[in-house]
Amino acid sequence: MEQRHARNVIIGSGAMGAATAYHLAKRGEPVLLLEQFAIGHDRGSSHGVARITRHSYADPRYARLMLDAFRAWKDLEADAGQNLYLRTGGLSFCPPEVDYVSQVAASLQAIEIPHRRMSGRELRRSFPVFELPENYDVVFEPDAGLIAAARAIAAQLELARQFGGDRTQVLAECPVRSIDLEGNKPIVITDHHRISADRLIVTAGAWAGRLLPNFPVTLRPTRQQVLYLRPQDPHLFAPGRFPVFIHKGAGPLDDFYGMPEYQGQGVKLARHGGPDVDPDVEDRRIEEPYLEVIRHFLTQTIPMLVNAPIEQTEVCLYTTTPDEHFRLGIPPDCPNLVIASPCSGHGFKFSCLIGRILADLATQGTTEIAIAPWQL
Ligand SMILES: Cc1cc2nc3c(=O)[nH]c(=O)nc-3n(C[C@H](O)[C@H](O)[C@H](O)COP(=O)(O)OP(=O)(O)OC[C@H]3O[C@@H](n4cnc5c(N)ncnc54)[C@H](O)[C@@H]3O)c2cc1C
């Protein structure tokens, strides 16, 4: 077994790990990034061409954090010399008995982000493909849109290599088997290495709970099923015509989201939430009852898509905390360890900023970004 020493070890090359590698390398820090699978694999939470981004959050703390996140993406786009954000506009809607849109609108008001509140009936005039019940509550945010997910991760890894040169090392197919936090420095054990790290950053997604059995909250991996539909008239569902959307229903399994056709993939649609899973067991099935649930949702909201053929499907993992809030920071008893579990199904839009925060915590022990609500 090879003995090594490294200044900054990152475990996991998903959205959070790639962003952290980019920010550390940009500051001149050496980086050793360990990934158990191939880079860009589809077994975790970050694969796929796009993710929704928005300031539209019912919780004003996330809405405010998105101001910093939008700036972080802009900086990344400048560094990468490519556009990663696509402004499509975004809708949040709910039935009248659900107090969601009113909270989203209040958050947007508080951070002075332009938006328009309307009813289901008014929405039909602006976006005729949405046939919501007339009394639905709706808010439109013109700045919501898409982040080109796979490209963003690839760009950050590429920048980490460009900024770091030989000082950035990415080891794929290199599972970390255990972490020893008992001594002065964290020790990371892989099949071929025993690495002593000055700082260890764990961004291991659905596997984080296994690597860190003492993590203060339960991290529950859940299985998500995603559909890409081929509409009869694709122009109606193109960016610019069709916004990203979030539907918040009355029950825990009544939340849905979707986005326009992007890069020829079809219209993306999914229900938020799914059953608990073992992240090591690959299960690519899309279940018939799930398809029924999606069809039922479409009948009530976007009937034009009910019979649209399914072009492609994806299965993806959430790492869900009990209250669906992020958890990140330096554990009180372990100053050389930085942990981030910003998933619960809504973390991608923050990932570039999270990378900056984790780099701050690793190098300075603190960050200027207001992370108190999520700190360990
Ligand atoms: C279907 C779906 C849709 C989503 N939609 C949105 C959206 O629209 N907007 C939004 O903001 N967010 C969205 N999210 C959430 C967002 O994608 C996640 O928050 C984000 O991708 C989490 O990234 P991560 O780096 O924490 O996890 P991951 O991407 O899973 O990365 C963790 C990495 O660690 C590696 N790893 C784990 N254990 C080890 C080990 N022992 N050794 C080495 N490597 C290890 C894994 O292989 C993996 O590559 C969605 C998520 C899913 C699944």
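For clarity, every value in this text was computed on a predicted model and none was experimentally measured. All ligand and atom numbering here is 1-based and tracks the order in the structure.
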Enquirer: Can you pull out the closest protein heavy atom to atom 3 (C) of ligand 1? Residue, atom name and distance to 0.1 Å, please.
Expert: Y257 OH, 3.2 Å

Enquirer: Could you tell me which atoms of ligand 1, counted from 1 in the order shown, lie closer than 4.0 angstrom to a heavy atom of T203?
Expert: 32 (C), 33 (C), 34 (O)

Enquirer: What do you reckon, does M16 have a nitrogen or oxygen under 3.5 Å from a nitrogen or oxygen of ligand 1?
Expert: yes

Enquirer: Treating S107 as the side-chain partner and A58 as the backbone partner, does any N or O pair qualify as donor plus acceptor under 3.5 Å?
Expert: yes

Enquirer: Return a yes/no value for V226: is any of its N or O atoms, backbone included, closer than 3.5 angstrom to an N or O of ligand 1?
Expert: no

Enquirer: Show the numbers, then the answer: is there a side-chain hydrogen bond (donor to acceptor under 3.5 Å, both in side chains) between H5 and D198?
Expert: CA-CA 8 Å; H5 170 257; D198 288 342; 2.9 Å; yes

Enquirer: Apply the test salt bridge (Lys or Arg N to Asp or Glu O under 4.0 Å) to residues K248 and D137: give CA-CA distance (whole Å), side-chain angles for both, the deciding distance (0.1 Å), then the verdict.
Expert: CA-CA 10 Å; K248 188 88 183 160; D137 201 358; over 6 Å; no

Enquirer: Touching ligand 1 at all, F350? Heavy atoms, strictly under 4.0 Å?
Expert: no

Enquirer: Taking 4.0 Å as the limit for heavy-atom contacts, which would you say applies to H41 with ligand 1: side chain only, backbone only, both, or neither?
Expert: side chain

Enquirer: Check this for me - ligand 1, L211, N or O atoms closer than 3.5 angstrom, yes or no?
Expert: no

Enquirer: Identify the closest protein heavy atom to atom 33 (C) of ligand 1: which residue and atom is it, and at what distance?
Expert: G12 CA, 3.6 Å

Enquirer: Roughly how far, to the nearest 0.5 Å, is CG of L146 from OG1 of T53?
Expert: 9.0 Å

Enquirer: For atom 27 (O) of ligand 1, what is the nearest protein heavy atom, given as residue, atom name and distance?
Expert: G205 CA, 3.6 Å

Enquirer: Between R210 and D280, is a salt bridge (Lys or Arg N to Asp or Glu O under 4.0 Å) present by the stated rule, with each step listed?
Expert: CA-CA 11 Å; R210 290 204 184 148; D280 286 330; 2.4 Å; yes

Enquirer: To which protein heavy atom is atom 12 (N) of ligand 1 closest, and what is the distance rounded to 0.1 Å?
Expert: F348 N, 3.1 Å

Enquirer: With heavy-atom distances below 4.0 Å as the criterion, list the atoms of ligand 1 near P342.
Expert: 19 (O)

Enquirer: Who passes salt bridge (Lys or Arg N to Asp or Glu O under 4.0 Å) against R295, sequence neighbours left out?
Expert: E288, E292

Enquirer: Below 30° counts as parallel, above 60° as perpendicular, anything between as tilted: where do the rings of Y62 and Y57 land?
Expert: parallel

Enquirer: Using the rule side chain to side chain contact (heavy atoms under 4.5 Å, CB included), only one of I294, L227, I310 pairs with I286; which is it?
Expert: L227

Enquirer: Take the angle between the ring planes of Y318 and H272 and call it parallel below 30°, perpendicular above 60°, tilted in between.
Expert: tilted

Enquirer: Judged on heavy-atom distance to atom 48 (C) of ligand 1, which of E35, Q224, R51, H47 sits nearest?
Expert: E35

Enquirer: Select one of side chain, backbone, both or neither to describe which atoms of I52 lie under 4.0 Å from any atom of ligand 1, heavy atoms only.
Expert: both

Enquirer: What about V176: any of its N or O atoms under 3.5 Å from an N or O on ligand 1?
Expert: yes

Enquirer: Working to the nearest 0.5 Å, report the span between NE2 of H192 and CE of M1.
Expert: 8.5 Å

Enquirer: Which of the numbered atoms in ligand 1 are under 4.0 angstrom from any heavy atom belonging to G44?
Expert: 30 (O)

Enquirer: Closest by any non-hydrogen atom to atom 43 (C) of ligand 1: pick that one out of Q36, R223, E173.
Expert: Q36

Enquirer: Measure F37 to ligand 1 on non-hydrogen atoms and call it side chain, backbone, both or neither using the 4.0 Å cut-off.
Expert: side chain

Enquirer: Can you say whether the rings of H247 and F93 are parallel (under 30°), tilted (30 to 60°) or perpendicular (over 60°)?
Expert: perpendicular

Enquirer: For E261, which residues count as a salt bridge (Lys or Arg N to Asp or Glu O under 4.0 Å) partner, sequence neighbours excluded?
Expert: R230

Enquirer: Return the residue, atom name and 0.1 Å-rounded distance of the protein heavy atom closest to atom 31 (O) of ligand 1.
Expert: G14 CA, 3.4 Å

Enquirer: For atom 22 (C) of ligand 1, what is the closest protein heavy atom, and at what distance to 0.1 Å?
Expert: S45 CB, 3.8 Å

Enquirer: Which ligand 1 atoms are under 4.0 Å away from a heavy-atom of L34?
Expert: 43 (C), 44 (N)

Enquirer: Distance from E122 atom CD to F127 atom CZ, nearest 0.5 Å?
Expert: 13.0 Å

Enquirer: Do ligand 1 and K268 have nitrogen or oxygen atoms that lie under 3.5 Å from each other?
Expert: no

Enquirer: Considering only protein heavy atoms, which is closest to atom 18 (C) of ligand 1, and at what distance to one decimal place?
Expert: C343 SG, 3.7 Å

Enquirer: In terms of relative ring orientation, are F130 and F242 parallel, tilted or perpendicular, with 30° and 60° separating the classes?
Expert: parallel

Enquirer: How does L317 reach ligand 1, by side chain, by backbone, by both or by neither, if only non-hydrogen atoms under 4.0 Å count?
Expert: backbone

Enquirer: Please report whether ligand 1 has a polar contact with S46, defined as an N or O pair separated by less than 3.5 Å (distance criterion only).
Expert: yes

Enquirer: To the nearest 0.1 Å, how far is atom 51 (C) of ligand 1 from its closest protein heavy atom, and which atom is that?
Expert: Y318 CE2, 3.5 Å

Enquirer: Do you know which two heavy atoms are closest between A340 and L358, and how far apart they sit?
Expert: CB-CD1, 3.5 Å

Enquirer: Does ligand 1 have an atom under 4.0 Å from some heavy atom of G345?
Expert: yes

Enquirer: Nearest 0.5 Å please: distance from the CD atom of Q225 over to the CD atom of E287.
Expert: 4.5 Å

Enquirer: Does any N or O of ligand 1 fall below 3.5 Å from an N or O anywhere on W207, backbone included?
Expert: no

Enquirer: Going by the order shown, which atoms of ligand 1 are within less than 4.0 Å of some heavy atom of C316?
Expert: 1 (C), 2 (C), 52 (C), 53 (C)

